[in-house]
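Letters A, B, ... mirror the listed sequences (proteins, then strands); counts begin at 1. Since we're looking at a predicted model, the values are computed, not measured.
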Amino acid sequence: MTQGSASEFAGTSAMHNLVAHWSERIRRCAETAQPLRIRGGGSKDFYGALKQGELFATGDYSGILDYEPTELVVTARAGTPLRELEAALAAQGQMLAFEPPHFSEAATLGGAIASGLSGPRRAASGSARDFVLGIRLLDGRGQDLAFGGRVMKNVAGFDVSRLMAGAMGTLGVLLDISLKVLPRPEHELSLCLRLDSSEALRHLNAWAGKPHPISATCHEGHCLTLRLSGSAAGVDAAARQLGGERVTQAAAFWRALREHEASFFADDTPLWRISVRSTAPALPLSGRQLLEWNGALRWAKTDDDPAMVRDVARKAGGHASLFRAPRTIDSPFHPLPGAAMALHRRLKQVFDPAGILNRGRLYPDL
Amino acid sequence: MAGITEHAPQAAAEPPHLAATGLGTRERAALAAELRAILPAESVLVEEEQLRPYECDGLSAYRRLPAAVVLPSTEAEVCRILATCNRLGVPVVARGAGTGLSGGALPHPGGVLLSLARFMRILELDPIARTARVQPGVRNLAVSEAAAPYGLYYAPDPSSQIACTIGGNIAENSGGVHCLKYGLTVHNVLRVRLCTIEGEVLEIGSEALDSPGYDLLALVTGSEGLLGVVTEATLKLLPNPRTARCVLAAFDSVTAAGDAVAAVIGAGIIPAGLEMMDKAATAAVEPFVNAGYPLDAEAILLCEVDGTEAEVGAEIDRVDAIMRGSGSQHIRISRDEAERLRFWSGRKAAFPAVGRISPDYYCMDGTIPRKRLAEVLAGIARLEKKYALRCANVFHAGDGNLHPLILYDANQPGELERCEAFGAEILELCIAAGGTITGEHGVGIEKIDQMCVQFPAEVLAAFHAVKHAFDPAERLNPGKAIPSLHRCAEFGRMHVHRGAERFPELPRF
Ligand SMILES: Cc1cc2nc3c(=O)[nH]c(=O)nc-3n(C[C@H](O)[C@H](O)[C@H](O)COP(=O)(O)OP(=O)(O)OC[C@H]3O[C@@H](n4cnc5c(N)ncnc54)[C@H](O)[C@@H]3O)c2cc1C
């Protein structure tokens with residue numbers, strides 16, 4: 001990415017002023033304990049608990065700052081549209097390997113990292129936080145702080161940048177984000193195998209223990225869909241070994257899954273995201289289930305009582321959050337034990353002592 | 001310093017921050033009595049000859065004795081020790097195998113050294129879920145050995161893996177030659193149990209792939225024993241690749257070798273390992289291991305590809321073509337497993353080999369954007385002249401992590417000091433190149449001053465505040481990893497952020 005043209009310089013100085021203005025605004029709001037509701041493209045407005053406070057729109061703080069494909073690192077401003085960033089990477093044959101869900105055309109990089117959500121490739125390649133290398137942010141006092149860096153290995157200081165992934169904007173307004181990127185696979189194909197959920201789970205866990213190039217998995221009803229990624233030779237050999245039928249329009253299938261546009265997600269029944277041990281059997285819940293990530297992620301469409309869903313998740317070694325529902329509840333995310341919650345409060349105190357940033361979005365008192 | 005004699009055979013004068021006061025005889029006896037109320041008498045060491053083995057870690061230029069060493073064997077004991085030290089105001093330093101290279105496990109003179117040597121059990125290995133639940137004192141390699149019968153292994157493979165422990169790996173976020181493709185420790189740990197200084201146990205992470213709330217697992221990984229003591233960990237196991245082959249390519253300049261690395265990555269290949277050694281490094285190792293490295297080359301690259309036979313065959317051909325295209329005059333491709341291991345043997349033996357050609361060596365650890373490699377190596381060559389010391393460079397080229405090995409002789413007056421000044425300048429070169437002062441060995445006590453150069457005061461203050469959220473009274477490994485602002489002011493190299501000292505009112509920790 002070439003830099004330094006006159007117009008870009010003007011852009012840079014505008015961005016500089018924007019940050020200075022934001023910093024001042026946060027500082028003032030902290031003084032009066034005025035809550036701020038941080039919003040990139042609004043694609044994840046549905047996600048998390050109550051949203052309160054003055055709108056703090058970050059979409060204007062946009063643009064790729066540095067991208068050197070051979071370094072496998074990209075740095076972009078938080079308001080950069082995800083599709084713009086992904087298009088720039090694709091033009092160089094690279095990608096965000098955690099396959100973040102967009103949930104709307106307007107999705108921004110900042111929102112993707114703050115929500116910490118990862119898509120179908122997660123079990124094979126890693127999660128949003130796994131790819132975070134550095135973050136510059138404004139904390140709840142308006143301080144401009146940069147953590148981590150633009151290099152792949154870095155243990156200088158605590159890993160505060162990864163802490164921001166999934167913190168739902170409660171610890172800072174994200175400004176510049178550096179991520180590790182990966183080459184797009186040379187070749188992909190998808191297969192559908194007719195299996196019920198318990199057979200699917202058994203196979204998925206067995207295959208994950210073998211060096212198969214499986215990059216995404218999805219089971220719903222009686223179909224287990226696998227995506228294979230890698231060199232043409234490796235993928236074709238694995239496809240012969242694993243059997244099943246070729247899926248046509250596979251890219252659309254995985255996209256619909258990632259974006260929750262597949263029919264499974266269509267109706268109004270509450271949607272639970274349940275993260276569990278991959279070997280946990282099908283969860284004893286009413287309604288329908290779809291599984292991803294070799295069994296480690298279960299989506300459930302159920303009217304069951306939240307307390308019961310959480311109990312089932314806990315027994316399966318994980319946690320449950322109410323992802324989308326016609327009516328929101330106070331605490332969509334899985335409640336934390338007392339000692340962990342106390343530590344969360346202390347960390348919130350570190351970065352946002354006035355408690356103004358996205359207050360209540362993650363947990364009622366954060 | 002009453003009661004305990006400090007011992008510093010190599011370090012000339014201890015830097016002022018190390019000369020903290022120890023405990024008096026009476027205080028030590030009282031501390032020992034408290035500790036013996038928790039542990040059997042033989043698990044509390046206080047005699048000088050018993051303490052001696054714990055006086056340093058892998059950074060042996062710094063040595064000092066703790067007031068006591070404790071060897072607990074249960075989590076409940078660890079919790080009680082921590083709570084007791086917290087109440088008494090006694091510092092605690094956790095220790096795994098003591099292979100750390102930044103002084104992270106260096107004892108505190110008035111403190112307790114908490115050894116996890118008795119936490120050696122692999123508690124559970126689930127080949128179906130592909131996880132291992134282990135105690136923190138388990139050696140890194142022992143995990144892969146236990147997983148091998150199931151065709152699985154634990155990916156992070158530091159060169160010290162026969163000795164170093166999982167607890168130490170988590171504390172340093174250790175990496176290995178395979179981490180470009182398979183990740184660092186932070187990418188391969190699912191869950192830990194962390195005993196806090198208050199003696200409470202926190203479960204962080206889970207058997208699932210994510211957890212509710214803040215990502216405390218990321219915060220704890222690489223925290224150098226400052227936030228809590230890890231008493232158990234659940235690790236991710238990966239399937240062994242079916243096969244692997246290695247390309248050995250020689251270049252007549254480090255720039256050409258660096259360009260070849262960029263070309264491999266640019267072609268969309270993520271090798272399982274991608275390492276560089278300069279001429280000084282190959283010259284040191286070749287007579288030692290006979291790996292077959294060409295000695296006239298300015299730099300060699302080792303590029304390993306793994307996967308199925310079909311994948312590896314195809315990818316090796318591409319790597320071969322790229323190396324040729326990048327000007328390598330000498331390329332060899334491993335024909336069998338024995339040859340592949342022989343190619344690696346030199347890289348793996350680099351540290352001990354350098355240890356053979358020089359009385360002492362000092363291993364540095366910085367990360368830089370790869371494209372700045374030639375410039376940083378040129379800078380190091382200038383520093384060799386300035387300090388009249390030689391330096392051999394090994395480089396985790398795929399991820400930009402540089403390990404310059406400075407050769408010196410501690411018995412020559414002044415050489416250690418010269419060597420340390422040389423090392424400090426290398427770290428500052430890394431910062432100037434847009435990199436960092438430590439890729440995988442940690443800050444510990446060694447790089448504490450360079451933290452002042454890399455980070456502005458506000459960021460250091462945030463690190464301290466995070467520390468205080470876990471350990472308000474700073475009992476856990478105090479004085480390591482994060483310098484006090486006061487210390488940075490004394491060092492006189494405070495990073496000045498955007499031209500102004502903006503936070504004169506900040507508390508001086
Ligand atoms: C020859 C050699 C080669 C090396 N190669 C590599 C390499 O390739 N990659 C790499 O990353 N490192 C390497 N190292 C460095 C070192 O081996 C690693 O940092 C290792 O992880 C340290 O583990 P340890 O058990 O020896 O920890 P120690 O040295 O005992 O301790 C290291 C730090 O961890 C803390 N700690 C230990 N256990 C716990 C616990 N249970 N809870 C909380 N904190 C704890 C200590 O307080 C200390 O701060 C090498 C070292 C040597 C000597």
Give the member of A:Leu366, A:Asp139, A:Leu297 that has the highest number of heavy-atom pairs under 4.5 Å with chain B. A:Leu366
Can you tell me how far apart CG (B:Leu217) and CZ (A:Arg129) are? Round to the nearest 0.5 Å. 5.5 Å
What distance do B:Phe463 atom CZ and A:Leu145 atom CG have between them, rounded to the nearest 0.5 Å? 9.5 Å
When you look at CD of B:Glu309, are more than 12 heavy atoms from neighbouring residues, nucleotides or ligands closer to it than 6.0 Å? no
To the nearest 0.5 Å, how far apart are CD1 in B:Ile204 and CG in A:Leu343? 7.0 Å
B:Lys371 and A:Glu71 have their tightest heavy-atom pair at N-OE2, 2.6 Å
Tell me, with the steps shown, if A:Lys153 and B:Leu184 meet side chain to side chain contact (heavy atoms under 4.5 Å, CB included). CA-CA 8 Å; A:Lys153 284 167 86 179; B:Leu184 302 159; 3.7 Å; yes
With chain B, the option among A:Asn294, A:Leu171, A:Leu163 that has the most non-hydrogen atom pairs under 4.5 Å is A:Leu171
For A:Thr70, is it the side chain, the backbone, both or neither that has a heavy atom under 4.5 Å from a heavy atom of chain B? both
Chain B heavy atoms under 4.5 Å from A:Ser321: which part of the residue, side chain, backbone, both or neither? neither
Top residue by heavy-atom pair count (under 4.5 Å) with chain A, among B:Ala310, B:Gly366, B:Gly307, B:Pro369? B:Pro369
Smallest heavy-atom separation, A:Ser231 atom then B:Glu311 atom, equals OG-CG, 3.2 Å
Less than 4.5 Å apart, any side-chain heavy atom of B:Tyr214 and any of A:Thr170? yes
Can you tell me which portion of A:Ala206 sits under 4.5 Å from chain B's heavy atoms? Options are side chain, backbone, both or neither. neither
Any donor-acceptor N or O pair under 3.5 Å, side chains B:Thr367, A:Asn154: no
Selection from B:Asn173, B:Thr308, B:Ile128 maximising heavy-atom pairs under 4.5 Å formed with chain A: B:Ile128
Against chain A, label B:Lys467 side chain, backbone, both or neither, depending on which of its atoms sit under 4.5 Å from a heavy atom there. both
Determine the option with the most heavy-atom pairs under 4.5 angstrom with chain A, choosing from B:Asn240, B:Thr221, B:Asn401. B:Asn401
Heavy-atom proximity to chain B below 4.5 Å, by part of A:Ala320: neither
B:Leu202 portion near chain A, given a 4.5 angstrom heavy-atom threshold: side chain
Interface check, chain B: of A:Gly166, A:Ala208, A:Gly149, most non-hydrogen pairs under 4.5 Å belong to A:Ala208
Okay, A:Arg202 and chain B: the region with an atom under 4.5 Å from a heavy atom over there is neither
What part of A:Ala237 lies closer than 4.5 angstrom to a heavy atom of chain B: side chain, backbone, both or neither? neither
Can you say whether B:Ile368 sits under 4.5 Å from chain A via the side chain, the backbone, both, or neither, judging by heavy atoms? backbone
Is there side-chain contact between A:Leu72 and B:Ile270, with heavy atoms separated by less than 4.5 Å? yes
Let's test your reading of the structure: which of A:Gly116, A:Gly209, A:Ala232 forms the most heavy-atom pairs below 4.5 Å with chain B? A:Gly209
Under 4.5 Å to a heavy atom of chain B? For A:Phe333 that would be neither
Side chain, backbone, both or neither: which part of B:Glu172 has a non-hydrogen atom closer than 4.5 Å to chain A? backbone
Could you tell me whether B:Arg318 and A:Glu186 have a side-chain N and a carboxylate O separated by less than 4.0 Å? yes
B:Leu180 versus A:Lys180, closest heavy-atom pair with distance: O-NZ, 3.0 Å
Closest contact, heavy atoms only, A:Arg346 versus B:Ala469: NE-O, 2.6 Å
Quick check on the interface: out of B:Pro127, B:Ser223, B:Gly222, who has the most heavy-atom pairs with chain A under 4.5 Å? B:Ser223
With no hydrogens and no angle check, is any side-chain donor or acceptor of A:His319 less than 3.5 Å from a backbone partner on B:Asp210? yes
Using 0.5 Å steps for rounding, measure from the NE2 atom of B:His187 to the CG atom of A:Asp130. 4.5 Å
Checking the side chain of A:Arg162 only, and the main-chain atoms of B:Val186 only, is there a donor and an acceptor separated by less than 3.5 Å? no
Just verifying a value: how many Å separate A:Lys210 NZ and B:Arg130 CZ, rounded to the nearest 0.5 Å? 10.5 Å
Chain B interface, residue from A:Gly318, A:Pro335, A:Ala146 that has the most non-hydrogen pairs under 4.5 Å: A:Ala146
Please look at A:Arg141 and chain B and tell me whether the side chain, the backbone, both or neither of the residue comes under 4.5 angstrom of a heavy atom of that chain. neither
Below 4.5 Å from any heavy atom of chain A, which atoms of B:Glu200 appear? Answer side chain, backbone, both or neither. side chain
Name the region of B:Pro241, side chain, backbone, both or neither, that has any atom closer than 4.5 Å to a heavy atom of chain A. backbone
Select one option (side chain, backbone, both, neither) describing which atoms of A:Leu182 are under 4.5 Å from chain B's heavy atoms. side chain
Go through B:Glu203, B:Glu207, B:His441 and name the one with the most non-hydrogen pairs under 4.5 angstrom from chain A. B:Glu207
Provide the closest heavy-atom pair for B:Ala462 versus A:Val350 in the form atom of the first, atom of the second, distance. O-CG1, 4.2 Å
A:Ala316 portion near chain B, given a 4.5 angstrom heavy-atom threshold: neither
Minimal non-hydrogen separation, B:Pro239 against A:Pro211, with atom names: CB-N, 3.7 Å
Please flag which part of B:His396 lies under 4.5 Å from any non-hydrogen atom of chain A: side chain, backbone, both or neither. side chain
In terms of heavy-atom pairs under 4.5 Å with chain B, the winner among A:Asn205, A:Val276, A:Thr279 is A:Asn205
Do the non-hydrogen side-chain atoms of B:Leu216 and A:Leu347 ever get within less than 4.5 Å of each other? yes
Of the listed B:Val443, B:Val466, B:Ile482, B:Leu190, the one with the largest count of heavy-atom pairs under 4.5 Å with chain A is B:Val466
Is there a side-chain contact between A:Leu336 and B:Pro212, using heavy atoms and a 4.5 Å cut-off? yes
